[in-house]
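A short worksheet on the structure shown next.
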2 protein chains.
Amino acid sequence: MPSHALGFAAHDHSSCVKSALGTALDACAERGVQMTPVRKRALEILLENHSAMGAYDVLVRLDAEGLGSKPPVAYRALSFLVEQGFVHRIERLNAFIACAHPGDKHDPAFMICRTCGTVAEAQISSATLGASAAQSGFQIEQTVIEAQGLCPACQPEGTA
Amino acid sequence: MPSHALGFAAHDHSSCVKSALGTALDACAERGVQMTPVRKRALEILLENHSAMGAYDVLVRLDAEGLGSKPPVAYRALSFLVEQGFVHRIERLNAFIACAHPGDKHDPAFMICRTCGTVAEAQISSATLGASAAQSGFQIEQTVIEAQGLCPACQPEGTA
DNA sequence: CGCTTTCCGTTATGTTATAACATACACCGC
DNA sequence: GCGGTGTATGTTATAACATAACGGAAAGCG
Ligand SMILES: [Zn+2]
Ligand SMILES: [Zn+2]
Ligand SMILES: [Zn+2]
Ligand SMILES: [Zn+2]
């Protein structure tokens with residue numbers, strides 16, 4: 001009975017971490033980029049509980065393991081992971097979270113619980129935004145879609 | 001020939017500022033909240049050129065007019081304006097922008113030009129996100145939708 | 001070996017945001 | 001007028017987030 005939640009649902013966490021890590025390693029090999037110890041450990045830390053963490057939170061963990069103590073260490077590793085699509089940045093929280101379905105490049109959407117802070121990654125298309133952009137001639141390269149509200153666990157009983 | 005752009009289109013700016021300010025004033029009266037000098041001036045500053053400004057940029061302007069020089073002054077005024085829906089916060093830029101169509105409460109969507117920094121507010125529905133949220137039981141209270149890309153003016157000639 | 005590239009370590013600083021506390025002022029019932 | 005109440009301001013200090021810039025280690029390659 002895994003206690004970690006991926007999004008709002010329980011799941012087999014150890015296999016999920018293993019697979020995410022494997023996917024990342026494979027992608028790195030294929031792309032000719034390096035999954036160095038710092039980068040790998042940063043990804044593992046984010047995968048550990050699927051929660052959004054600030055760069056400094058990650059840094060504290062890295063520091064505890066002797067992998068670096070200065071902000072640039074964390075920011076460099078996180079930038080790499082975001083570039084490679086293994087991790088997403090949540091603008092609203094100034095935080096980072098491991099991708100819930102790595103492997104395919106995508107524009108993520110997030111649901112952020114205002115109460116418990118749990119973050120779930122949703123699969124959505126930004127078609128409506130695309131239509132609006134086309135009208136005005138705007139060329140979309142990347143979208144940030146973040147919804148804030150209440151996750152199932154945090155909703156008052158009668159309100160769901 | 002007004003030089004300011006609302007979004008990517010030119011428009012009659014002085015009348016637009018006047019009307020936005022009027023709408024805000026009316027709304028305050030109706031809601032029983034106060035449009036104090038600092039708040040009003042902050043809104044005017046943001047309306048001036050329809051561009052996204054950082055809190056400290058606004059603060060510099062306020063300071064120059066003797067309306068306050070310390071960060072909380074700007075943040076309080078901006079928080080008020082955001083709460084009342086006269087101003088939106090752009091998470092991705094850590095910046096603020098006057099609402100392009102105040103009066104009706106709405107979840108704004110933005111198109112942010114990577115090159116010139118121009119920000120346009122779009123009218124879109126977050127229906128797709130809503131459907132996704134409903135499936136997982138998430139109760140959306142607020143959404144942030146921000147697209148980054150190239151505005152018409154910044155696109156290379158043959159690429160539009 | 002000399003050269004390049006990539007990653008890492010460190011210093012220093014810049015930028016954004018809020019906690020906490022003190023003061024001013026208007027309004028109201030008395 | 002006076003004390004209480006609420007809202008808005010002023011001020012200090014610090015928290016939290018992020019990057020510029022420079023030097024050094026290590027790997028790959030002629
Ligand atoms: Zn998991
Ligand atoms: Zn993802
Ligand atoms: Zn205008
Ligand atoms: Zn708006």
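So you know, we letter chains A, B, ... as the sequences are listed, proteins then strands, and number each from 1.
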Does the side chain to side chain contact (heavy atoms under 4.5 Å, CB included) test come out yes or no for B/Lys40 and B/Leu21, once each step is laid out?
CA-CA 8 Å; B/Lys40 183 174 172 199; B/Leu21 218 46; 4.3 Å; yes
Please check: side-chain N/O of B/Arg92 versus main-chain N/O of B/Ile112, any donor-acceptor pairing under 3.5 Å?
no
Taking B/Glu48's backbone N and O only, do any of them form a donor-acceptor pair with B/His13's side chain (distance below 3.5 Å, no angle check)?
yes
Keeping the roles fixed (side chain from B/Arg31, backbone from B/Gln84), state whether a donor-acceptor pair exists under 3.5 Å.
yes
Return a single string for nucleotides 9-23 of chain D, one symbol per nucleotide in 5' to 3' order, where B is base contact, S is sugar-phosphate-only contact and - is none, cutoff 4.0 angstrom on heavy atoms.
BBBB----BBBB---
Provide, to the nearest angstrom, the distance between the CG atom belonging to A/Asp63 and the P atom belonging to C/dT10.
10 Å
Give the rounded distance in Å between these two atoms: CZ of B/Arg31 and C1' of D/dT7.
18 Å
Determine yes or no for a side-chain-to-main-chain donor-acceptor pair under 3.5 angstrom, with B/Arg39 supplying the side chain and B/Gln34 the backbone.
yes
